[in-house]
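What follows is a set of notes on a single structure, which appears directly below.
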Amino acid sequence: MTAKIAYDEVEVGTELPAQTFPVTRATLVQYAGASGDFNPIHWNEKFAVEVGLPDVIAHGMFTMAEAVRVVTDWAGDPAAVVEYGVRFTKPVVVPNDGTGALIEVSAKVAAKLDDRRVRVDITATSAGQKVLGMSRAVVRLA
């Protein structure tokens with residue numbers, strides 16, 4: 001597969017379609033099983049509170065993966081992402097209320113680079129707080 005977006009048709013400032021991703025305790029259990037990360041801060045409310053967290057929190061790598069979905073969906077090919085990095089700024093707190101949390105993600109093309117690549121800056125928030133900082137992906141377009 002290759003990116004479905006043409007480099008020549010993209011301008012700096014192009015906004016990618018925003019998405020919202022729900023996160024429940026069940027989601028965290030599924031991710032823990034898939035990743036092998038069974039740290040109790042991601043599933044045990046009592047433990048999470050004892051170590052100073054407000055409640056169970058989503059895995060950082062899960063949050064990072066959900067955020068980049070905006071980019072991979074836009075590009076049409078996950079392999080088009082050639083670089084990706086973030087700083088974790090706040091946790092995604094996931095209450096055990098049957099609803100959970102939402103990760104709201106928006107992104108825009110911040111720079112056109114050589115070799116048909118663009119830098120996409122990503123903004124991810126949950127409960128009104130920015131949960132990822134310096135979240136950037138470099139994408140090779142068609």
(request) Evaluate whether atom NZ of Lys108 has more than 12 neighbouring non-hydrogen atoms of other residues, nucleotides or ligands under 6.0 angstrom away. (result) no

(request) Hydrophobic side-chain clustering at under 4.5 Å (ILVMFWY, transitive links): who's grouped with Val138? Put none if nobody. (result) Val82, Leu113

(message) Rounded to the nearest 0.5 Å, what separates atom CG in Leu141 from atom CD1 in Ile5?
(response) 7.0 Å

(request) Any chance you could measure Leu132, atom CG, to Thr63, atom OG1, to the nearest 0.5 Å? (result) 6.5 Å

(message) Taking transitive links into account, so neighbours of neighbours count too, which hydrophobic residues share a cluster with Leu102 at under 4.5 Å side-chain distance?
(response) none

(message) Can you list everything that forms a side chain to side chain donor-acceptor pair (under 3.5 Å) with Thr123? Sequence neighbours excluded, please.
(response) none

(message) Any side-chain to backbone donor/acceptor pair from Thr24 onto Thr27? Under 3.5 Å, distance only.
(response) yes

(message) Ignoring hydrogens, what is the shortest heavy-atom contact between Ala58 and Val94? Give both atom names and the distance.
(response) N-CG2, 4.0 Å

(message) Show every ring-ring contact (aromatic ring centres under 6.0 Å, His included) that has at least one partner inside residues 73-109, sequence neighbours left out.
(response) none

(request) Check Val120 against Ala107 and note the closest heavy-atom contact, atom names and distance. (result) CG1-CB, 3.7 Å

(request) Write out all pairs satisfying salt bridge (charged side-chain N to carboxylate O under 4.0 Å, His left out) with one or both partners inside residues 51-72, taking only residues at least two apart or from two chains. (result) Arg25-Asp55, Glu66-Arg69

(request) Spell out, as yes or no, whether a donor-acceptor pair under 3.5 Å connects the side chain of Arg116 to the backbone of Ala142. (result) yes

(request) Check side chain to side chain donor-acceptor pair (under 3.5 Å) between Asp73 and all other residues, then give those that pass, not counting sequence neighbours. (result) Gln19

(request) Can you sort out the partners of Thr72 under side chain to side chain donor-acceptor pair (under 3.5 Å), two or more places apart, ordered by chain and number? (result) none

(message) Using a 3.5 Å distance criterion without hydrogens, assess whether the side chain of Thr89 forms a donor-acceptor pair with backbone atoms of Lys130.
(response) yes

(request) Please name the pair of heavy atoms, one in Val131 and one in Pro91, separated by the smallest distance, quoted to 0.1 Å. (result) CG1-O, 4.0 Å

(request) Please answer: with hydrophobic residues joined when any side-chain heavy atoms are less than 4.5 Å apart, are Ile41 and Val56 in the same cluster? (result) no

(message) If hydrophobic clusters are built by linking Ile, Leu, Val, Met, Phe, Trp and Tyr wherever their side-chain heavy atoms come under 4.5 Å apart, do Ile57 and Val51 end up in the same one?
(response) yes

(message) Which residues pass the side chain to side chain donor-acceptor pair (under 3.5 Å) test with Asp97, not counting sequence neighbours?
(response) none

(request) Just jot down the salt bridge (Lys or Arg N to Asp or Glu O under 4.0 Å) partners of Glu104, sequence neighbours excluded, or say none. (result) none

(request) Mind checking the CG-CG spacing from Leu28 to Asn96? Nearest 0.5 Å is all I need. (result) 10.0 Å

(message) Hydrophobic cluster membership, with links at side-chain heavy-atom distances under 4.5 Å among I/L/V/M/F/W/Y: are Phe38 and Met61 in one?
(response) no

(request) Output all residues satisfying side chain to side chain contact (heavy atoms under 4.5 Å, CB included) with Asp114, sequence neighbours left out; order by chain, then residue number. (result) Arg117

(request) Please step through side chain to side chain contact (heavy atoms under 4.5 Å, CB included) for the pair Lys112 and Val12, ending with a clear verdict. (result) CA-CA 7 Å; Lys112 290 186 85 167; Val12 170; 4.1 Å; yes

(message) A side-chain contact here means heavy atoms from C-beta on lying under 4.5 Å apart; do Ile122 and Val70 qualify?
(response) no

(message) If you compare all heavy atoms of Ala75 against all heavy atoms of Val139, which two are closest, and at what distance to 0.1 Å?
(response) CB-CG1, 4.0 Å

(message) Please check this pair: side chain of Lys90 against backbone of Ser126, looking for a donor-acceptor N/O pair closer than 3.5 Å.
(response) no

(message) Do Val93 and Val29 sit in one hydrophobic cluster, given that two such residues count as connected whenever their side-chain heavy atoms are within less than 4.5 Å of each other, even indirectly?
(response) no

(request) Check salt bridge (Lys or Arg N to Asp or Glu O under 4.0 Å) between Arg136 and all other residues, then give those that pass, not counting sequence neighbours. (result) Asp121

(message) Filter on ring-ring contact (aromatic ring centres under 6.0 Å, His included), then keep only pairs touching residues 41-66, sequence neighbours left out; what's left?
(response) Tyr31-His59, Tyr31-Phe62, His42-His59

